[in-house]
Asks: 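Pasting a structure here, questions to come.
So you know, we letter chains A, B, ... as the sequences are listed, proteins then strands, and number each from 1.
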2 protein chains.
Amino acid sequence: MTNKLNLNNLTKSEEDYLKALFQLLVEDNATKVGNNQLAEYLKVSPASTNNMIKKLKAKEYVISEKYGKLDLTEEGRSIAVRLIRKHRLWETFLCKYLNFTWDEVHDVAEQLEHIKSRKLIDELDRFMDYPKNDPHGELIPNANGEYSVLPKITLSSLLDGDVCELVAVNDGSVSFLKYVSEIGLALSSEIRVLEVREFDKSIRIQFNDVIETVTRKFADNVFVKKVV
Amino acid sequence: MTNKLNLNNLTKSEEDYLKALFQLLVEDNATKVGNNQLAEYLKVSPASTNNMIKKLKAKEYVISEKYGKLDLTEEGRSIAVRLIRKHRLWETFLCKYLNFTWDEVHDVAEQLEHIKSRKLIDELDRFMDYPKNDPHGELIPNANGEYSVLPKITLSSLLDGDVCELVAVNDGSVSFLKYVSEIGLALSSEIRVLEVREFDKSIRIQFNDVIETVTRKFADNVFVKKVV
DNA sequence: TTAATTTGTTAGTCATAGCTAACTTTTTTA
DNA sequence: TAAAAAAGTTAGCTATGACTAACAAATTAA
Ligand SMILES: [Mn+2]
Ligand SMILES: [Mn+2]
Ligand SMILES: [Mn+2]
Ligand SMILES: [Mn+2]
């Protein structure tokens, strides 16, 4: 048990890098994550990530060999999970109690996730009666740091005739989330794939007696579980 | 009307300096505030404050002549008031909804006050139904930036026989606040000054049939309004 | 009114965290 | 398998915001 309790001396940047690396490693289930990939994800230069990775290696949150791929230590993963817990709890709070819509919460949660107070986040969790999912459908890690990834596939991976339930959406883009709501989709919507068009991979879908055509790019950001 | 809307490009440090200067100027009603005084208040070196004051003068939040005293512009005051509003609303939220005690809230609020989202703070205000006072008794500025200082004097300024009501406490020191609660004092307590001792300015006070002797230092941090 | 003390300023240093440009190593492709 | 491309690294620069040490101005005391 590597319980060093060195959780509160991380800078906002260090936290952001650890969370980003975790999301690439675990959530996007990439087999290997490289320096340039991390740089692109964080929208900084490869030189910046290279520099930060050095520091995080010295602090034993990250493992990698020179010119090799990146990985997180147990301690590094644990910090990342705590950040994701905070992020998702705050998003939930903003939607459920402060009248935020699901496209408004991410940017504010990016700030709030860096507030350092164990009591704050655990009490917020209790106050909301331990929610399981955030406003975008993603699972919220619990106070013990137990983390699991929602079983999901992208809408774009389905074939003609498949029926699925919308279980989560990518929360990164405001315009995407607004678009999803506008056409009438929401978490739990049942979606039937009418046709995947060969030419441009656009997809005709049906839900609530509505028929829409969505692009491949759109469908890549919609996460579903198959029903039929 | 100097409404430049340049409110969201300030660093945490810049915000902290403006708030500190405001608190020295307005809340502690100091006639003049100097560079070293600000440095001591913020627990940084005079060189650091001198440097930051230069930057804040360039941005037109602060006014001062070389070797002269410091003052805030309207814009500078406005930023400071918004920070104080955020600080006090968060303190109130933590106490009322998240089971924090009044000695636990200040440090977390120091972090939360720097979160940038107009909607967040105005919705938090609405959620709590527009509270007037924070957990330490201080007035919460409203959404229009209207700010007023609670009419108050220190307990240490009273004389033998005076009777007063506890209206606020200095929220800076955890050990002080714990001490206040422990002896049974709270906001609205009625306190009678039995005797101010010449020798060390210690004060015998009575409240709720309790008689206690408190030091001058203690009484400096207790804010009251006179009843008799 | 001079001398001592306090207050304020400047110069130079450090750490953090970005950047570009140049370079090296690894991987891919022809 | 050699050349090209991609990926990763390094050096050197910038800005922010701390610091100390040295100095100048203003205030206070003698
Ligand atoms: Mn989010
Ligand atoms: Mn989310
Ligand atoms: Mn406070
Ligand atoms: Mn307070």
Side-chain angles (χ1 to χ4, degrees), chain A residues 6-21 24-25 28 30-72 76 79 83 110-111 113-114 116, chain B residues 6-21 24-25 28 30-72 76 79 83 110-111 113-114 116:
Chain A
N6 42 5
L7 320 168
N8 279 38
N9 27 9
L10 289 170
T11 65
K12 179 184 178 302
S13 279
E14 289 172 331
E15 290 187 340
D16 282 333
Y17 277 86
L18 290 175
K19 195 181 85 162
L21 188 49
L24 288 172
L25 281 167
D28 300 359
T31 22
K32 294 194 162 178
V33 175
N35 182 71
N36 290 12
Q37 193 186 346
L38 181 60
E40 195 189 12
Y41 186 84
L42 283 167
K43 297 180 202 309
V44 296
S45 70
S48 296
T49 43
N50 191 274
N51 208 53
M52 181 59 93
I53 288 299
K54 258 184 204 160
K55 201 195 305 178
L56 294 173
K57 280 170 72 175
K59 293 192 175 187
E60 296 187 77
Y61 298 131
V62 169
I63 303 171
S64 81
E65 283 164 35
K66 206 170 180 182
Y67 291 101
K69 298 298 167 182
L70 308 171
D71 203 358
L72 284 163
I79 291 164
L83 287 165
E110 283 295 311
Q111 298 178 63
E113 74 189 13
H114 298 288
K116 287 171 172 55
Chain B
N6 43 6
L7 321 165
N8 277 37
N9 28 10
L10 289 170
T11 65
K12 181 183 177 302
S13 279
E14 290 172 330
E15 290 186 340
D16 282 333
Y17 278 87
L18 291 175
K19 195 181 85 163
L21 188 48
L24 288 170
L25 281 168
D28 301 358
T31 23
K32 294 191 164 182
V33 174
N35 182 72
N36 290 11
Q37 193 185 345
L38 182 60
E40 195 189 12
Y41 186 83
L42 282 168
K43 298 180 201 312
V44 296
S45 70
S48 295
T49 44
N50 191 273
N51 206 53
M52 181 59 92
I53 287 299
K54 259 184 205 160
K55 200 194 306 179
L56 294 173
K57 279 170 73 175
K59 293 192 175 187
E60 297 188 75
Y61 299 131
V62 169
I63 303 169
S64 82
E65 285 162 33
K66 207 170 179 181
Y67 291 102
K69 298 299 169 183
L70 308 172
D71 202 359
L72 284 164
I79 291 164
L83 286 165
E110 283 294 312
Q111 298 178 63
E113 73 189 13
H114 299 290
K116 287 169 172 57

Asks: Can you sort out the partners of Lys69(A) under salt bridge (Lys or Arg N to Asp or Glu O under 4.0 Å), two or more places apart, ordered by chain and number?
Replies: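 Lys69(A): no salt bridge (Lys or Arg N to Asp or Glu O under 4.0 Å) contacts found.
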
Asks: What protein N or O atoms touch nucleotides 18-25 of chain C N or O atoms at under 3.5 angstrom, if any, and at what distances?
Replies:
| from | atom 1 | to | atom 2 | distance (Å) |
| --- | --- | --- | --- | --- |
| dG18(C) | OP1 | Ser13(A) | OG | 2.9 |
| dG18(C) | OP2 | Tyr17(A) | OH | 3.0 |
| dC19(C) | OP2 | Ser45(A) | N | 2.8 |
| dC19(C) | OP2 | Ser45(A) | OG | 3.0 |
| dC19(C) | OP2 | Ser48(A) | OG | 2.6 |

Asks: For dG8(D) and Asn36(A) - does any side-chain N or O of the residue sit under 4.0 Å from the phosphate oxygens OP1/OP2?
Replies: yes

Asks: Could you please spell out the steps behind the side-chain contact (heavy atoms from CB on, under 4.5 Å) verdict for Val62(A) and Leu72(A)?
Replies: CA-CA 4 Å; Val62(A) 169; Leu72(A) 284 163; 4.1 Å; yes

Asks: Test of understanding: with side-chain hydrogen bond (donor to acceptor under 3.5 Å, both in side chains), list the residues that count as partners of Lys32(B), not counting sequence neighbours.
Replies: none

Asks: What is the distance, rounded to the nearest whole Å, between atom NZ of Lys57(B) and atom C1' of dT9(C)?
Replies: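 Spelled out: NZ on Lys57(B) to C1' on dT9(C) is 11 Å.
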
Asks: Between P on dT10(C) and NZ on Lys54(B), what's the gap in Å once rounded to a whole number?
Replies: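 That distance rounds to 4 Å.
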
Asks: So which one's nearest nucleotide on DNA chain C is more toward 5', Lys66(A) or Lys12(A)?
Replies: Lys12(A)

Asks: What pairs with Lys54(B) under salt bridge (Lys or Arg N to Asp or Glu O under 4.0 Å), at least two apart in sequence or on another chain?
Replies: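 Result, salt bridge (Lys or Arg N to Asp or Glu O under 4.0 Å) vs Lys54(B): none returned.
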
Asks: To the nearest angstrom, how far is Leu21(A) atom CG from dG8(D) atom P?
Replies: 12 Å

Asks: Can you check the Lys32(B) NZ to dA26(D) P distance for me, whole Å?
Replies: 13 Å

Asks: Identify, with sequence neighbours excluded, every residue that meets side-chain hydrogen bond (donor to acceptor under 3.5 Å, both in side chains) alongside Glu40(A).
Replies: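 Glu40(A) satisfies side-chain hydrogen bond (donor to acceptor under 3.5 Å, both in side chains) with no other residue.
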
Asks: Look at the side-chain N and O atoms of Asn50(B) and state whether any lies under 4.0 Å from the OP1 or OP2 oxygen of dT9(C).
Replies: yes

Asks: Figure out the CD/C1' separation between Glu14(B) and dA15(D), and round it to whole Å.
Replies: 12 Å

Asks: How long is the span from the CG atom in Asn35(A) to the OG1 atom in Thr49(A), to the nearest 0.5 Å?
Replies: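 Asn35(A) atom CG to Thr49(A) atom OG1 measures 3.5 Å (nearest 0.5 Å).
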
Asks: Could you check how far CD of Glu65(B) sits from C1' of dA25(D), rounded to whole Å?
Replies: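 Between C1' of dA25(D) and CD of Glu65(B): 14 Å.
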
Asks: What contact category does Thr49(B) fall into here, base, sugar-phosphate, or nothing, at under 4.0 angstrom with non-hydrogen atoms?
Replies: nothing

Asks: Grab the CG-P distance between Asn35(B) and dA25(D) for me, whole Å please.
Replies: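 Value for this atom pair: 16 Å.
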
Asks: For Lys57(B), what residues pass the side-chain hydrogen bond (donor to acceptor under 3.5 Å, both in side chains) criterion, not counting sequence neighbours?
Replies: Ser64(B)

Asks: Figure out the NZ/P separation between Lys69(A) and dA6(D), and round it to whole Å.
Replies: 14 Å

